[in-house]
Participant: 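The following block contains the structure, expressed as structure tokens.
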Amino acid sequence: MRLSRFPLATTKETPADAEVVSHQLLLRAGFIRKLGAGLYTWMPMGLRVLRRIENIVREEMDRAGAAELLMPSIQPAELWQQSGRWNVMGAEMLRIKDRHENDYCYGPTHEEVIVHHAKQDVRSYRQLPFNWYQVQTKFRDERRPRFGLMRAREFLMKDAYSFHMDAASLEDEYQNMRRAYARIFERIGADFRIVQADSGNIGGAKSEEFHILAGSGEDLLAVSTVGSYAANMEAAACPPSGKVRGPATQALEQVSTPGQKTCEQVSKFLNVALTAKVKLLVAKGRQGGLVAIALRGDHELNEVKAAKHPLIASPFEMARIEDVQAAFGCEVGYLGPVKCPVPLIADHAALEIADFVCGANVNDAHFKGANWERDCPIPEGFDLRRICEGDASPDGQGEIRFFRGIEGGHIFQLGRKYTEAMDFTVLDEQGQAVTPEMGCYGIGVSRLAAAVIEQRHDKDGMRWPDAIAPFRVLVCPIGTDKSERVKQAAEQLYQQLVDAGVDALLDDRGLRPGPMFADADLVGIPHRLVIGEKGLNADQYEYKRRGADKADMIPARLEALLERLRT
RNA sequence: CGGGGCGUAGCUCAGCUUGGUAGAGCGCUUGCUUCGGGAGCAAGAGGUCGCAGGUUCAAAUCCUGUCGCCCCGACCA
């Protein structure tokens with residue numbers, strides 16, 4: 001490709017509304033252009049990267065035995081009503097009507113459609129297992145689109161769905177996909193981590209996420225120091241520590257704590273450790289009413305875990321302050337488990353302390369020396385808190401450290417949730433109708449492009465790995481208006497590269513060296529060849545790998561160059 | 001959705017407080033000079049100041065409404 005015929009609009013200045021590096025560089029390098037909130041056009045240079053990633057995903061999916069199909073982006077409401085999700089999905093699903101006033105949605109995901117088609121074509125156990133996938137545009141009307149491609153409303157996703165006669169077969173395919181995903185992430189040059197995940201409202205049992213590690217990542221990952229455990233923050237388990245609660249040694253004593261409402265204030269005021277305090281949060285109950293949650297003073301509630309508790313409303317919602325005050329008869333700063341007027345549940349860690357400090361359920365007062373059992377009934381213990389850095393790893397090996405990650409892929413074992421809801425059965429060997437097990441596997445293809453930039457960039461621009469670079473080699477002739485020799489040498493080299501099957505780009509725009517190199521660095525093509533009078537006099541090209549400290553001269557022959565590309 | 005902010009040239013922004021002639025830098029066009037890391041000089045093109053009302057002799061500026069976008073919190077590839 002000749003750059004003079006290829007649209008490339010780069011800017012020196014960083015657009016004001018771009019926060020993260022990938023968004024800034026994608027805009028500056030002219031890879032994408034914004035059309036609206038969370039809506040982006042892929043310009044030709046950017047699209048080449050997207051397609052490369054897409055093709056790697058496709059190759060690995062095919063290699064793993066999945067079959068590609070393509071479903072419509074617009075889906076009839078009936079399917080979603082069958083699965084029960086039409087009313088569950090909420091505003092993130094874009095609903096539209098056609099001219100007959102029939103309801104449709106712009107597909108945020110395709111479980112319903114795939115099950116529908118599986119029902120049409122699959123009737124026998126002999127046809128299972130199978131895995132169908134597509135690479136397709138999704139629309140999710142995010143509350144807050146941000147960070148450019150990272151959280152766009154319309155984005156490119158690879159979604160795969162597998163069907164099985166039993167859980168063992170599903171497990172096999174799940175592991176198969178897990179391996180395929182690992183290969184994909186390796187091939188695109190990403191430093192990634194597989195973590196245990198919460199399956200969210202997609203439902204199902206087992207699920208893991210593939211995270212690209214980056215400081216700008218929106219997810220917090222809890223990883224053990226020995227690497228034996230890794231989980232998304234919201235899924236990271238906090239089991240009982242195994243410590244036995246000590247005996248009560250202090251008498252229950254009400255102390256005056258005027259104006260001391262937060263745990264930090266109380267702990268300072270009474271000079272006790274934050275870890276020796278029990279705090280109470282109040283949530284809305286699943287059947288209405290309120291539910292109190294006891295946590296250790298230094299811990300935070302994990303709302304995802306809380307929403308799974310049978311007493312607590314799902315999705316999780318804090319109780320209204322007025323309701324709490326009405327129920328407890330005091331301000332929210334003085335709540336405690338002793339004589340708690342609403343149903344009480346507790347995090348494991350809160351139950352492991354004795355002689356603790358807690359609110360007295362009276363304004364401006366706390367208890368010291370409070371103890372479970374003696375002073376209030378022991379509530380049932382659950383895992384309700386967010387894991388902390390420094391906690392023992394849930395698998396008992398090492399300590400927890402936090403990392404930030406960008407969720408690039410997610411694999412689920414859905415079980416029979418959708419096949420059952422949509423009444424998909426096949427006949428087994430005995431002629432009995434069986435509801436298949438289902439798995440689903442997603443990769444945010446467009447997000448991966450941004451995530452790779454987050455990991456691979458420097459002050460000058462992007463640094464693409466060969467596998468997904470928009471072009472592999474950039475030929476930069478210097479002073480073509482002056483030197484016909486340089487111009488012809490560059491043309492000839494470019495032609496040789498193309499003939500040799502190398503994906504080369506010739507910068508024939510006739511720019512001065514400064515802007516030409518600046519663009520080269522910004523766009524991040526991995527290999528750069530500079531052709532100038534000086535080099536030609538010595539029968540040499542200048543070769544530089546993007547990101548290398550300096551360039552070096554190589555013989556002006558194609559073989560020498562191809563040799564360089566191989567290393 | 002709740003809270004905060006911003007809409008002025010293709011891009012980044014000033015001007016608005018205290019109403020009166022539409023501004024800068026980058027980019028773009030032309031010419032000359034320059035030419036191995038975002039050149040210099042000169043001449044140009046380019047804006048219904050988001051939109052709609054209102055106040056006023058006069059509105060980018062003040063008021064009301066509206067739309068769009070960005071940022072901070074609950075979700076997800």
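Per chain, numbering begins at 1; letters A, B, ... match sequence-line order.
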Participant: For rG2(B), what is the paired nucleotide under Watson-Crick or G-U wobble rules, both distances under 3.5 Å?
Facilitator: rC72(B)
Participant: Looking at Lys417(A) and Glu111(A), does any basic side-chain N land under 4.0 Å from a carboxylate oxygen?
Facilitator: no
Participant: rG7(B) pairs with which nucleotide, Watson-Crick or G-U wobble, both distances below 3.5 Å?
Facilitator: rC67(B)
Participant: Between Arg564(A) and Asp552(A) (salt bridge meaning N to carboxylate O under 4.0 Å), is one present in this structure?
Facilitator: yes
Participant: Output yes when Asp458(A) and Arg546(A) qualify as a salt bridge under the 4.0 Å nitrogen-oxygen rule, no when they do not.
Facilitator: yes
Participant: Which is more 5' along RNA chain B, the nucleotide nearest Gly535(A) or the one nearest Val304(A)? Just name the residue.
Facilitator: Gly535(A)
Participant: Looking at Arg183(A) and Glu186(A), does any basic side-chain N land under 4.0 Å from a carboxylate oxygen?
Facilitator: no
Participant: Give one of base, sugar-phosphate or nothing for Ile443(A), where a contact means two heavy atoms less than 4.0 Å apart.
Facilitator: nothing
Participant: As an exercise, state the distance from CD of Gln75(A) to OG1 of Thr109(A), rounded to the nearest 0.5 Å.
Facilitator: 8.0 Å
Participant: Provide the Watson-Crick or G-U wobble partner of rG31(B), both distances under 3.5 Å; none if there is no partner.
Facilitator: rC41(B)
Participant: Between Thr14(A) and Asp481(A), who's closer to the 5' end of RNA chain B by nearest nucleotide?
Facilitator: Thr14(A)
Participant: For the backbone of Glu407(A) and the side chain of Glu209(A), can you confirm whether one donor and one acceptor N or O come within less than 3.5 Å of each other?
Facilitator: no
Participant: Would you call Lys487(A) and Glu491(A) a salt bridge, taking side-chain N to carboxylate O under 4.0 Å as the test?
Facilitator: no
Participant: At 4.0 Å (heavy atoms only), tell me whether Gly409(A) reaches a base, stays on the sugar-phosphate, or touches nothing.
Facilitator: sugar-phosphate
Participant: Expressed as a whole number of angstroms, how long is the span from Arg28(A):CZ to rG38(B):P?
Facilitator: 14 Å
Participant: Can you identify which nucleotide, out of rA77(B), rC1(B), rU12(B), has its nearest atom closest to the Arg143(A) side chain?
Facilitator: rC1(B)
Participant: Is there a donor and acceptor pair closer than 3.5 Å between the side chain of Arg528(A) and the base of rG37(B)?
Facilitator: yes
Participant: Polar atom pairs between nucleotides 69-71 of chain B and protein, under 3.5 Å, N or O only, would you list them?
Facilitator:
{"residue": "rC69(B)", "atom": "OP1", "partner": "Ala37(A)", "partner atom": "N", "Å": "3.0"}
{"residue": "rC69(B)", "atom": "O3'", "partner": "Lys34(A)", "partner atom": "NZ", "Å": "2.7"}
{"residue": "rC70(B)", "atom": "OP1", "partner": "Lys34(A)", "partner atom": "NZ", "Å": "3.2"}

Participant: So does Arg512(A) get a side-chain nitrogen or oxygen closer than 4.0 Å to the phosphate oxygens (OP1/OP2) of rA39(B)?
Facilitator: yes
Participant: With no hydrogens and no angle check, do the side chains of Arg52(A) and Asn55(A) hold a donor and an acceptor under 3.5 Å apart?
Facilitator: no
Participant: May I ask you to list the residues of residues 444-458 of chain A, by number, that have any heavy atom positioned under 4.0 Å from an atom of RNA chain B?
Facilitator: Gly444(A), Arg447(A)
Participant: Take the protein atom NZ of Lys12(A) and the nucleotide atom P of rC13(B), then report the distance between them rounded to whole Å.
Facilitator: 16 Å
Participant: Give a yes or no on whether Ile96(A) atom CD1 has more than 12 heavy-atom contacts from other residues, nucleotides or ligands under 6.0 Å away.
Facilitator: yes
Participant: With hydrogens left out and only the distance checked, is there a donor-acceptor pair under 3.5 Å joining Glu13(A)'s side chain and the base of rG25(B)?
Facilitator: yes
Participant: Report which part of the nucleic acid Ala152(A) touches: base, sugar-phosphate, or nothing (heavy-atom distance under 4.0 Å, all strands).
Facilitator: base
Participant: Output yes when Glu68(A) and Arg58(A) qualify as a salt bridge under the 4.0 Å nitrogen-oxygen rule, no when they do not.
Facilitator: yes
Participant: Do NZ/NE/NH1/NH2 and the carboxylate oxygens of Arg187(A) and Glu59(A) come within less than 4.0 Å?
Facilitator: yes
Participant: Check step by step if side chain to side chain contact (heavy atoms under 4.5 Å, CB included) holds for Phe31(A) and Val523(A).
Facilitator: CA-CA 9 Å; Phe31(A) 278 42; Val523(A) 169; 4.0 Å; yes
Participant: Which of residues 212-223 of chain A sit near RNA chain B, with a heavy atom under 4.0 Å from it?
Facilitator: Asp219(A)
Participant: Can you tell me how far C1' of rC75(B) sits from CD of Glu142(A), to the nearest Å?
Facilitator: 7 Å
Participant: Less than 5.5 Å between centroids and less than 30° between ring planes, does Phe517(A) satisfy that with rG38(B)?
Facilitator: no
Participant: Which whole-number value in Å describes the distance from Ile184(A) CD1 to rA77(B) C1'?
Facilitator: 13 Å
